[in-house]
Trainee: 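Have a look at the structure that comes next, please.
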2 protein chains.
Amino acid sequence: MLETLSFTEENYLKAIFSLSKKTEGSVSTNHIADKLSTKPSSVTDMIKKLADKMLVDYKKYQGVSLTRKGRKTAVSIVRNHRLWEVFLVEKLNFKWDEVHDLAEQLEHINSDVLTERLDAFLDYPTHDPHGDPIPDKNGNIEQRKSEPLANSEIGKQYEIIRVDDSSDNFLKYLDKKGIAIGKILTVIHKEIFDNSLEINIDKKQILITEEVAKNLLVRIKKQ
Amino acid sequence: MLETLSFTEENYLKAIFSLSKKTEGSVSTNHIADKLSTKPSSVTDMIKKLADKMLVDYKKYQGVSLTRKGRKTAVSIVRNHRLWEVFLVEKLNFKWDEVHDLAEQLEHINSDVLTERLDAFLDYPTHDPHGDPIPDKNGNIEQRKSEPLANSEIGKQYEIIRVDDSSDNFLKYLDKKGIAIGKILTVIHKEIFDNSLEINIDKKQILITEEVAKNLLVRIKKQ
DNA sequence: AAAAAAATTTAGATTAATCTAAAAATATTT
DNA sequence: AAATATTTTTAGATTAATCTAAATTTTTTT
Ligand SMILES: [Mn+2]
Ligand SMILES: [Mn+2]
Ligand SMILES: [Mn+2]
Ligand SMILES: [Mn+2]
């Protein structure tokens, strides 16, 4: 049933899964190459291999999409990744900007039992430290509704539930500004000129650029 | 300073380290091949590579030994392995016969910070679930004195401190008999004919074969 | 609908890790 | 000290993952 895949194969599946969410449909060779910092010709080779293993559907020049089996594998790796991130933050006191690269390694540890034990140990978390949903053991992913803070309306109150950019720099910037998952903010003013926002958070008023606001995903609290 | 090694290279270093303890000196190509279930010709190739990286000393036909740098790397992998085994048993409720293969994967996760955090989280354990010492962060390994129960004397009392065979079957057998690390036993009788032992443990009297007694390492408690 | 540009695939190499079979060196036995 | 056996190395292939450069297909522009 489940054959053993190399780390590389697993990373390709994960990349295709991640890109599929945006493109809705099939994913292009060049996009995969970009995502994995490799060359399009390498991608073509790997795609053929994954197609042979029935993990992706592939027609020359037409892009790829995950099969049910491929998606299942990809989701299970994402589940591992996010559970390990929770472990690192909650149990080993890592900061949220320090865990991604370690999780990239840990996600490939191949054991369903381990994953389930870890899940239980962490008390079945639903989201990782960056607000991303943790797929359940059947591969279902709870999709919370959210919108970029950039689309917010003045005077309304929002809860920060996810970050769309998990780069060290962005996360450290948020720390510095006191912005974190779960915090409540109110939009005071939006500058027409550059779309920067004046927001109120923890009773302090701060300014954030449009770029930052685009990467903060929020849920409305009060009209 | 520390280059990145492949899992394979790390496994060779670990194998050489482990074999060095018994042979006291240099390790032969065939022994390494046996240990790693590979062929002598493959070992020769890899040894050359490790020698180029200054991780082993090697002279054709004369066997290999670890350099200081090679030993340091090997010990750090062993440290990881044993810390992860403790984690799996203490925190995730795995049994001592279920953790080795997972630790074989986890030991290669490459992060000093992770290792130190894990060590702290586990409250600085000194031994793994099989009684093997956990090297400290400087690579020092505490060597407790112990002897095989097979060498024990009648009437004396011993504490079980380590197992010399960590195979699933042996560990499960010990579970079944109620034999575990830390337990105290008294040797009642040794059968001259086959060297089997009659021992008293937890107020029950049980019989164990010489083969079992050879793989139970004990420390004397009372004359 | 041609021409030009962009995306994708193929052809041919390279590197790591492995293997089998043969050659060479070392160790053991007579 | 020869002969034999064992161990170790070399030679030559193979497989996975990658690359560059060239060829092909698709898309976009004119
Ligand atoms: Mn991550
Ligand atoms: Mn995350
Ligand atoms: Mn082990
Ligand atoms: Mn152990």
Side-chain angles (χ1 to χ4, degrees), chain A residues 2-16 19-20 22-66 70 73-74 77 104-105 107-108 110, chain B residues 3-16 19-20 22-23 25-66 70 73-74 77 104-105 107-108 110:
Chain A
L2 15 138
E3 342 160 39
T4 302
L5 301 176
S6 68
F7 284 19
T8 309
E9 290 170 315
E10 292 190 348
N11 284 334
Y12 269 88
L13 291 177
K14 209 166 46 118
I16 297 166
L19 293 170
S20 300
K22 324 244 156 171
T23 65
E24 203 54 79
S26 76
V27 178
S28 81
T29 303
N30 271 9
H31 279 136
I32 299 171
D34 268 10
K35 179 102 180 173
L36 295 176
S37 303
T38 182
K39 301 292 167 185
S41 55
S42 305
V43 174
T44 302
D45 282 349
M46 180 56 84
I47 282 171
K48 286 178 183 168
K49 202 163 69 151
L50 295 174
D52 287 346
K53 296 188 176 183
M54 313 285 272
L55 292 161
V56 299
D57 289 318
Y58 170 59
K59 281 225 293 278
K60 265 194 205 179
Y61 295 100
Q62 306 308 137
V64 277
S65 54
L66 295 175
T73 307
I77 300 162
E104 286 289 307
Q105 297 186 60
E107 69 189 4
H108 300 290
N110 195 349
Chain B
E3 340 158 43
T4 302
L5 301 176
S6 68
F7 284 19
T8 308
E9 290 170 316
E10 292 190 348
N11 283 334
Y12 270 87
L13 292 177
K14 209 165 48 120
I16 297 166
L19 293 169
S20 300
K22 324 244 156 172
T23 65
S26 76
V27 179
S28 81
T29 304
N30 271 8
H31 280 136
I32 299 170
D34 269 10
K35 178 105 181 172
L36 294 176
S37 304
T38 183
K39 302 292 167 184
S41 54
S42 305
V43 174
T44 303
D45 282 349
M46 179 57 83
I47 282 170
K48 285 177 182 166
K49 201 162 69 150
L50 295 174
D52 286 347
K53 295 188 177 184
M54 314 285 272
L55 293 161
V56 299
D57 288 319
Y58 170 59
K59 281 226 292 280
K60 265 195 203 178
Y61 295 100
Q62 306 308 139
V64 277
S65 54
L66 295 175
T73 307
I77 300 162
E104 286 289 307
Q105 297 186 61
E107 70 189 6
H108 301 289
N110 196 348

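Just so we're on the same page: letters track the sequence lines, and every chain starts at 1.
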Trainee: Looking across every strand, which nucleic acid part, if any, lies under 4.0 Å from B:Tyr12 by heavy atom: base, sugar-phosphate, or nothing?
Mentor: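 Touches sugar-phosphate only.
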
Trainee: Side chains of residues 52-64 of chain A: which donor-acceptor partners sit under 3.5 Å, not counting sequence neighbours?
Mentor:
from: A:Lys53; atom 1: NZ; to: A:Glu9; atom 2: OE1; distance (Å): 3.4
from: A:Lys53; atom 1: NZ; to: A:Glu9; atom 2: OE2; distance (Å): 2.7

Trainee: Does any non-hydrogen side-chain atom of A:Ile47 lie less than 4.5 Å from one of A:Tyr12?
Mentor: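 No; the side chains remain at least 4.5 Å from each other.
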
Trainee: Taking all non-hydrogen atoms of both residues, which atom of B:Met46 and which atom of B:Thr8 are closest, and how far apart?
Mentor: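 Result for this residue pair: CE-CG2, 3.6 Å.
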
Trainee: Go along nucleotides 8-13 of chain D 5' to 3' and tag each nucleotide: B for a protein heavy atom under 4.0 Å from its base, S when only backbone or sugar atoms are that close, - otherwise.
Mentor: BBB---

Trainee: Distance check, rounded to the nearest 0.5 Å: B:Asn11 atom CG versus B:Ile77 atom CD1?
Mentor: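 That separation rounds to 7.5 Å.
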
Trainee: Heavy atoms only: give me the nearest B:Asn110-A:Gln105 pair and the separation to one decimal.
Mentor: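 That would be N-OE1, 3.2 Å.
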
Trainee: A:Ile32 CD1 to C:dT9 C1': how many Å, rounded?
Mentor: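 For the pair A:Ile32 CD1 and C:dT9 C1', the rounded distance is 14 Å.
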
Trainee: Cut-off 3.5 Å, no hydrogens considered: what does the side-chain donor-acceptor table look like for residues 28-40 of chain A, sequence neighbours left out?
Mentor:
from: A:Ser28; atom 1: OG; to: A:His31; atom 2: N; distance (Å): 3.2
from: A:Ser28; atom 1: OG; to: A:His31; atom 2: ND1; distance (Å): 3.0
from: A:Lys35; atom 1: NZ; to: A:Ser18; atom 2: OG; distance (Å): 2.8

Trainee: Over how many whole Å does the gap from B:Leu50 atom CG to C:dA16 atom P extend?
Mentor: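 Spelled out: CG on B:Leu50 to P on C:dA16 is 12 Å.
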
Trainee: Measure the distance from NZ on A:Lys39 to C1' on C:dT10 and round it to the nearest whole Å.
Mentor: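 Nearest whole value for this atom pair: 17 Å.
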
